[in-house]
K.L.:
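I have a structure here, written as structure tokens, and I will follow up with some questions on it.
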Amino acid sequence: DTCVRVLQMSRRQRSTPQPEPPRHRPAGMLHSSRAMRRLSTLARVRAAALVPAWRRLPPFGLRALSSEASVQRAAPAMPDLPDLPHAEEEASVDDSLKPNDVVAQLDRYIIGQADAKKATAVAIRNRWRRLQVQPPLRDEITPKNILMIGPTGVGKTEIARRLAKLMGAPFIKVEATKFTEVGFVGRDVEQIIRDLVDNAILMVRAQLVEKKRAEIALKVEEKILDQLVGEKSTTNRDSFRALLRQGLLDTRTIDVEVPEPRRQNPLDPASNGGNGQPMNEIILRFDKLLQQGGRRSERRQMTISEARPVLEEVYSEKMISDEEVKKAALHAVEQEGIVFIDEIDKICSRNDMRGSADASSEGVQRDLLPLIEGSTVSTKHGNINTDHILFVCSGAFHQCKPSDLLAELQGRLPIRVELQQLTEQDLYRILTEPETSLVKQQVALMATEAVTVRFADDALRRIAHLAAAVNRDVENIGARRIHTILERVMEDISFTACERSGTTVDITAEYVDQQVGNMVTKTDLSRFIL
């Protein structure tokens, strides 16, 4: 109380005119400047003791701000995010993708087919090896394209799917039957490269967003705090920041400026399902400028949890340059692009059927020749040279032979890999070994209904035996036969799972015979059922 009264008295003395003090003040005067400073400091200390302890602590370990920095807004602490790898670390990551590692990753999901796994692993590793060669010789090293030959259902397409997830390079999987010869209505084969470029742009943009995720998250946090406490408010900003990072404010409603979605470019033929032939570059750039200038934004009310991804997208577009993304994507496609063409045997004609008028047959093979050999393809993002793009083709070749392909196309696919048919033991391993096997999927689906399903080992062997028998007697469709038998086994359990909540179901070999026995005994009749 004494300190407060002294401060009040000093303020009144400052407001009233004071006579000029003597040149030599008495040492014991109460209103001396040194004594006043000591009392004012003591008063501030006593007043700070009344503030709760949690208000005096710096938020998230921030240092105490100086008197000058306290006037301005304090720089917030960076959110806890995983550290991004440096250039040296990225090189070590690429170097660690050895052929043995690729095969080991494929073994987690695909049973057998060691030759196909080895060929694809070596081809992927050669991509990295070529980049380590000096430039004069690097341009002369071309990829060795692969042709996979094997019956349906043995893992050709699954290898492509797993490679797409494993590789950090531009990748696209296409069906050969989707394309027609140049001059016919439909998509020509150059659309493969255009789709590959589009995938590469999405991939590169995602990588750049991941590198700048910390900065983007910081800007999004500041924008949300501006809506909560105001842009110029500094008093409660740190306390609201702590609550925001803990997720306690996710249900609060704020106003967000949401930009309108980009209009579909009417001048771009690729946007309306055409072949995507690029038009005059000046017209496209002019239309892009019109779209950027006319893009509006609307104000919406949404919760913080809903507004966060919207704001992240807005700030990522502002911080990432389209030219930077395009340049990196075009380089990645030319140096590391991989194209997987499936069902190539469907565009193959037998020698006695050559010269047919099928628009999706031999003409598509002729169009693929310059694409695989190496040519320049025009896209809306720029020209792409296909000299160093790896092409992997696959086909069952039931109705024809690989030698029925054009001789020029056979020469452009020098590496041939034959995939073996699946035996009964392979089918049993497919049911038990992969991390995402069909049995584990069925058990997880029934667990959502609180039903515990347990497969006995003899039941799994019985399913594999029935699948191999039906493939041998009716039609060999490989591992896809397991889908048919397993769905028949689980049909009654799936239908009554809602009423069986909390129960346990044991599936034995006798139960499998009871559910699938009729299908096996009528295999001959199934040939005549449409």
Side-chain angles (χ1 to χ4, degrees), residues 85 89-133 141-174 196 199 203 332 335-344 388-397 402 413-441 460 464 478-480 482:
E89 297 178 1
E90 291 179 356
S92 63
V93 171
D94 295 337
D95 183 65
S96 64
L97 198 61
K98 299 179 177 61
N100 289 333
D101 299 332
V102 176
V103 173
Q105 291 292 329
L106 294 177
D107 285 340
R108 296 168 54 189
Y109 307 98
I110 303 171
I111 300 300
Q113 314 306 343
D115 294 339
K117 296 176 183 177
K118 186 183 300 184
T120 54
V122 171
I124 291 174
R125 184 62 178 180
N126 284 336
R127 314 304 304 280
W128 179 85
R129 292 168 180 167
R130 189 186 69 86
L131 295 178
Q132 313 307 315
V133 180
I141 300 177
T142 57
K144 306 303 184 292
N145 301 316
I146 302 173
L147 175 62
M148 293 185 182
I149 306 169
T152 180
V154 296
K156 300 187 301 295
T157 307
E158 188 67 17
I159 290 177
R161 289 181 60 249
R162 296 302 170 182
L163 282 178
K165 296 181 180 181
L166 180 62
M167 292 295 299
F171 184 93
I172 187 173
K173 174 185 174 298
V174 297
L196 180 63
N199 292 349
M203 182 196 71
Q335 301 299 325
E336 303 177 0
I338 300 176
V339 176
F340 190 93
I341 304 178
D342 201 2
E343 307 294 346
I344 196 171
H388 302 290
I389 296 180
L390 175 64
F391 288 86
V392 181
C393 303
S394 70
F397 292 96
L413 301 171
I415 300 179
R416 293 191 180 185
V417 180
E418 293 188 6
L419 285 80
Q420 305 299 323
Q421 295 186 3
L422 298 177
T423 62
E424 180 177 339
Q425 182 62 23
D426 293 335
L427 296 175
Y428 172 75
R429 293 178 58 194
I430 290 174
L431 289 171
T432 56
E433 294 184 11
E435 295 183 1
T436 58
S437 64
L438 295 177
V439 174
K440 295 178 182 179
Q441 295 177 20
L460 297 178
R480 294 186 177 93
I482 298 179

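Just so you know, these numbers use all the heavy atoms, side chains as well, and skip hydrogens, waters and symmetry mates. Position 1 is the first residue of the sequence; numbering continues from there.
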K.L.:
Enter the distance from Lys173:NZ to Ile338:CD1 here, rounded to the nearest 0.5 Å.
P.N.:
14.5 Å

K.L.:
Please check: side-chain N/O of His388 versus main-chain N/O of Ile141, any donor-acceptor pairing under 3.5 Å?
P.N.:
yes

K.L.:
If you look at every heavy atom in Leu147 and Ile344, which pair is closest and at what distance?
P.N.:
CD1-CG2, 4.2 Å

K.L.:
Taking the side chain as every heavy atom from C-beta outward, state whether Ile124 and Leu163 have any pair of such atoms under 4.5 Å apart.
P.N.:
yes

K.L.:
Applying salt bridge (Lys or Arg N to Asp or Glu O under 4.0 Å) as the test, list every pair that has at least one member in residues 103-118; sequence neighbours left out.
P.N.:
Asp107-Lys117, Arg108-Glu435

K.L.:
What is the distance from atom CG of Leu390 to atom CG of Asn145, rounded to the nearest 0.5 Å?
P.N.:
6.0 Å

K.L.:
To check you understand the geometry: which heavy-atom pair defines the closest contact between Val102 and Leu166, and what is its length?
P.N.:
CG1-CD2, 4.0 Å

K.L.:
Heavy atoms only: give me the nearest Phe391-Ile341 pair and the separation to one decimal.
P.N.:
CD2-CD1, 4.1 Å

K.L.:
Any pair with a residue in residues 148-158 that passes side-chain hydrogen bond (donor to acceptor under 3.5 Å, both in side chains), sequence neighbours left out, goes on the list, sorted by first then second residue, please.
P.N.:
Thr152-Arg480, Thr157-Asp342, Glu158-Arg161, Glu158-Arg162

K.L.:
Minimum heavy-atom separation for Ile159 to Ala116, with atom names?
P.N.:
CD1-CB, 3.8 Å

K.L.:
Measure across Pro151 and Leu419 and return the closest heavy-atom pair with its distance rounded to 0.1 Å.
P.N.:
CD-O, 3.7 Å

K.L.:
Tell me, with the steps shown, if Leu106 and Thr120 meet side chain to side chain contact (heavy atoms under 4.5 Å, CB included).
P.N.:
CA-CA 10 Å; Leu106 294 177; Thr120 54; 4.2 Å; yes

K.L.:
Roughly how far, to the nearest 0.5 Å, is OG1 of Thr432 from NZ of Lys440?
P.N.:
8.5 Å

K.L.:
Looking only at heavy atoms, which two atoms of Ala464 and Tyr428 are closest? And how far apart?
P.N.:
CB-N, 3.6 Å

K.L.:
Between the side chain of Gln441 and the main-chain N/O of Thr436, is any donor-acceptor distance below 3.5 Å?
P.N.:
yes

K.L.:
To the nearest 0.5 angstrom, please state how far the CD1 atom of Ile389 sits from the CD atom of Glu336.
P.N.:
11.5 Å

K.L.:
Check for a donor-acceptor pair, side chain of Gln113 on one end and backbone N or O of Gln420 on the other, with a separation under 3.5 Å.
P.N.:
yes

K.L.:
In Å and rounded to the nearest 0.5 Å, what is the OG1 to CG distance from Thr142 to Asn126?
P.N.:
10.5 Å

K.L.:
I need the Leu431 CG to Leu460 CG distance, nearest 0.5 Å.
P.N.:
5.5 Å

K.L.:
Would you please name every residue forming a salt bridge (Lys or Arg N to Asp or Glu O under 4.0 Å) with Arg429, sequence neighbours left out?
P.N.:
Glu433

